[in-house]
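Along the sequence shown, the residues carry numbers beginning at 1.
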Amino acid sequence: MLKGKTALVTGSTSGIGLGIAKALARQGANIVMNGFGDVAGPKAEIAALGVQVTHHNADMSRPEEIEAMMAFAAAQFGRVDILVNNAGIQHVARIENFSTERWDAVIAINLSSAFHATRLALPAMLAANEGKGWGRIINVASAHGLVGSPEKSAYVAAKHGLVGLTKVTALENATSGVTCNAICPGWVLTPIVQKQLDAKVAAQGITNEAATEQLLREKEPSMQFTTPDELGELAVFFCSAAGNNVRGVAWNMDGGWVAQ
Ligand code: NAD
C-alpha cells in the first residue's frame, strides 16, 4: 500500500516509534529512523522487511538538528510523505519541585519538535501529487493529551499542546491531500513506562508484577497494555485511502482510560 513512499519516524530506535516504523515498512514504505541508543538492531529489523532504511541522529530538542534531519531525508529519498512525530520523554515531579530545565526539555522534545518537523515537511507534501498534495502527519500524543494526571505537568501540557497542533495542522491543509491526526496511547510497556514501574518498585518495596497491576488498575479498565504493533496498525490506517478524510482527530487506544 505504501510502496514508493517515505516515512520519517522520530524516536524510532525504541518502543512505539519502532513499532510504527515496522508497520509502515510492512506496507512497503522506506523509513528514515531517528533516535538514540542502539541503532543497528532496530535498523536491521526494519531492513529485514525489504525496504530501504536510513537513520539520522538529530536531537529533537534542537531546531537546527531537525532542519538537518529533514534536509537529509529529502536528499536520501526526494521527500518525506509520512511524518510521524513520536520522540518523547517523561519527567515526574510536583510543579513546585519541577526543575525548569526538565520543563524546557519535555516541551522541546514532546511538542516543539513536532512543530519544527511539520513546518519543514509541509511544503513538499503540499506540492506532491501534481500540486493536489499528498501527505500524512501523525502525532503521537497520549491519553495525557486528553486528560491530566498529577506530577506530569510538562508532559500533560506538551501532549495537550500536540493535540491542539494536530487540529490546526489538519485545518490549515483541509482542502489538500495532506492529513494530520494524533494517536493517544494509554500505557504501553516501553522503557519510558518501565522507568515509572521501577520507581514504584523502589518507593513501595513491591514486585514489578505488583507495580504493573497497580499502574494498570489506576487508569486502564482493560488491565492490559496497548502494544507498539497495535499502534502501528492505527498509523497504517491513517495512511490508507480510507483515511483520506480523517482530519484532526485525537484517537485514543488506551484500554478505556479516557472513557471513564
Ligand atoms: P521510548 O523511551 O521507548 O522511546 C522514545 C524514543 O524517543 C527513543 O527512540 C528515544 O531515543 C527517542 N528520543 C528521546 N529523546 C530524544 C531526543 N531528544 N531526540 C531524538 N530522539 C529522542 O518511549 P515510548 O514509550 O516508545 O514513547 C514514544 C512516544 O509515545 C512518546 O512521545 C511518548 O510520550 C508516547 N507515549 C508513550 C506511552 C507509553 O505508555 N509508553 C503512552 C502514551 C504516549
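- Side chain to side chain, Asp229 and Thr227 fail the donor-acceptor criterion of an N or O pair below 3.5 Å.
- The side-chain heavy atoms of Val80 and Met70, taken from C-beta on, include a pair separated by under 4.5 Å.
- Rounding to the nearest 0.5 angstrom, the gap separating the CG atom in Asn110 from the CE atom in Met60 is 10.5 Å.
- Between Trp103 and Phe98, the ring planes are perpendicular. Angles over 60° get that label, and only those under 30° would be called parallel.
- By the 4.5 Å heavy-atom criterion applied to side chains, Phe77 and Asn30 are counted as neighbours.
- In this structure a side-chain-to-backbone donor-acceptor pair under 3.5 Å is present from Thr226 to Met253.
- Distance CG/Leu8 to CG/Leu24: 11.0 Å, rounded to 0.5 Å.
- Between the side chains of Asn139 and Thr166, at least one donor N or O sits under 3.5 Å from an acceptor N or O.
- With rounding to the nearest 0.5 angstrom, the CE atom of Met69 is 5.0 Å from the CG atom of Asn34.
- Side-chain contact check for Glu65 and Asn57: no donor-acceptor pair (N or O, by modelled atom type) lies under 3.5 Å.
- A donor-acceptor distance shorter than 3.5 angstrom exists from the side chain of Asp254 to the backbone of Gly256, with no hydrogens or angles considered.
- Note that OG of Ser12 is 8.0 Å distant from CD1 of Ile31, once rounded to the nearest 0.5 Å.
- A donor-acceptor contact under 3.5 angstrom links the side chains of Gln214 and Lys200, judged on distance only.
- For the pair Met125 and Asp81, the minimum side-chain heavy-atom distance is 4.5 Å or more.
- Side-chain contact check for Val156 versus Glu151: every heavy-atom pair is 4.5 Å or farther apart.
- Heavy-atom minimum distance, Ala158 versus Leu111: O-CD1, 3.8 Å.
- Listed for the Gln260 side chain is a donor-acceptor partner under 3.5 Å among the backbone atoms of Lys219.
- In this structure, the separation between CG on Leu120 and CZ on Phe115 is 8.5 Å, given to the nearest 0.5 Å.
- Put simply, CE on Met223 and OG1 on Thr212 are 9.5 Å apart, with the number rounded to the nearest 0.5 Å.
- Side-chain atoms of Arg247 come within 3.5 Å of backbone atoms of Val178 as a donor-acceptor pair (strictly under, hydrogens ignored).
- The main-chain N or O of Val32 is never found under 3.5 Å from a side-chain atom of Thr54 such that the two would form a donor-acceptor pair.
- Electrostatic pairing of Glu67 and Arg119 counts as a salt bridge here, judged by a charged N lying under 4.0 Å from a carboxylate O.
- Among residues at least two apart or in separate chains, ring-ring contact (aromatic ring centres under 6.0 Å, His included) pairs with a member in residues 122-173 are His144-Tyr155, His144-Trp257.
- With respect to Asp104 and Arg102, no salt bridge is recorded, no charged nitrogen being found less than 4.0 Å from a carboxylate O.
- Sorted by first and then second residue, the side chain to side chain donor-acceptor pair (under 3.5 Å) pairs involving residues 171-182 (not counting sequence neighbours) form an empty list.
- Counting heavy atoms from C-beta on, the side chains of Val193 and Leu215 come closer than 4.5 Å.
- By the 4.5 Å heavy-atom criterion applied to side chains, Ile183 and Ile138 are counted as neighbours.
- A donor-acceptor pair is defined here as one N or O able to donate and one able to accept, closer than 3.5 Å; such a pair exists between the side chain of His55 and the backbone of Gly35.
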